Amino acid sequence: MKKIYLLATLFAVTVCTTQAQSRRDKEQTYTLDKPYETVLVQPVKGKKVKNVILMIGDGMSLMHQYSAWTANGGKLNIENCPIVGLSKTYCANKLITDSGAAGTAMATGQKTNYHSVGVDTNGNPLPSLTDIAKDKGLSTGVVVTCRLNDATPAAFCANSPDRDDAEKIAADYLDCNVDFIFGGGSKHFTQRKDKRNLIEEFKVKGYNTPQSWDELKDIKQTPIFAVVDTLDLPVPSMRGEVLGDASMKAIELLSKNKKGFFLMVEGSQLDDYGHFNDLDLLMQEVHDFDRTVGRILQWAEKDGETLVIVTADHETGGLTLVGGDKNTNTIVGKFSTGGHSGVMVPVYSYGPGSQDFGGIYENTSIFDKIKKLLKL
Ligand code: MG
Ligand code: ZN
């Protein structure tokens, strides 16, 4: 059975890699059939930072943003962010980082080795923003569309020098003390070599454990461990607005804490479609992420004490926009790699404290700035 699964995985990876290679350096045209309305929010200034929402578009560069802006007829929600900075993403032992090391830099404030999550260059566990915020009495949340053992959420909730150590990373979630967890990957929590059923263990710890959005939506109490798919969630056209819905649900529950909250929201699968050099699916993911940005900014505007940061961990695919027309919602793009590329990534910010995020800085500074502004 295991052999069949391995062969199937190998086959799927080979097919995707071959498809990506056949698309590489070739022009792809994408047209957005149904452009969406963007929101307009007014800047908030001069108030204290009570809550921080860190939004990570995995593998999202300026080129992804400008492509998505063009396809949506010349508008994006992210344009409401008044301050923009640039983040240097290289990791401890490589110029071109991966999501593990880059996520760890933002989650813990330390550059670590390629492929590591939540540990230093010697493999020692590091406390993450979710740990530190929780220790100070804030509520915490992690909302992603990938399997929870994947590198970005793992950098906030687990500790391993090997991001592929799925069983260990899944087990670490039990001790991460995060109040609201949403993502996929139930396979790694229930079908395990060590025969543990981690979802049952979460129940014993007092967590609500909904296994679909329908089961989650009416729950009024944290802690919540919502694992809603066996692996990654499906493509945007199939999963609907669940990234935005789950993010707003997290905000609804976490904002009950008078001391504030820290929430990480990831547009997880931009990276996958960058790797696959698939412009169509990539744009669907960027737009899904941007619609979520819009909903979160509208909430932050009303709240007035929430800092929203929207950034990326690195670029994926070496996307270049070589043509298009915003009047016809059409873009022409090319990819130059099936991997990640080396470029500074934008950091957009909105709300109190956002002025600290202008300029050019290390990805680790994102941790330092959040820690300072939340007085952690
Ligand atoms: Mg990721
Ligand atoms: Zn990647």
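These numbers come from a predicted model, not from an experiment. Counting starts at 1 for both ligands and their atoms, in listed order.
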- Item | Name of whichever N/O/S atom of E266 is nearest to the Mg ion (ligand 1) | OE2
- Message: Assess the residue pair T364 and E362 against the criterion (side chain to side chain donor-acceptor pair (under 3.5 Å)); give the C-alpha distance rounded to whole Å, side-chain angles, the decisive distance to 0.1 Å, and a yes or no.
- Response: CA-CA 5 Å; T364 49; E362 303 289 345; 5.2 Å; no
- Item | Heteroatom test (N, O or S) for H314 near the Zn ion (ligand 2), limit 2.8 Å | no
- Is D98 close enough that one of its N/O/S atoms sits under 2.8 Å from the Zn ion (ligand 2)? no
- What about F182 and F225, are their ring centers closer than 6.0 Å? no
- Work out the angle at the Zn ion (ligand 2) between NE2 of H340 and OD1 of D271, rounded to 10°. 100°
- Option from D58, D271, T316, T104 for which side chain to side chain donor-acceptor pair (under 3.5 Å) with S99 holds: D58
- Query: Is D313 close enough to the Mg ion (ligand 1) to have an N, O or S atom under 2.8 Å?
  - Reply: no
- Rounded to 10°, how big is the angle at the Mg ion (ligand 1) from D58 OD2 to T152 OG1? 100°
- Hey, does the Lys NZ or Arg CZ of R23 hover above the aromatic six-ring of F335, less than 6.0 Å from the centre and inside 45° of the axis? no
- Looking at T31 and T328, what are the two nearest heavy atoms and their distance? CG2-O, 3.5 Å
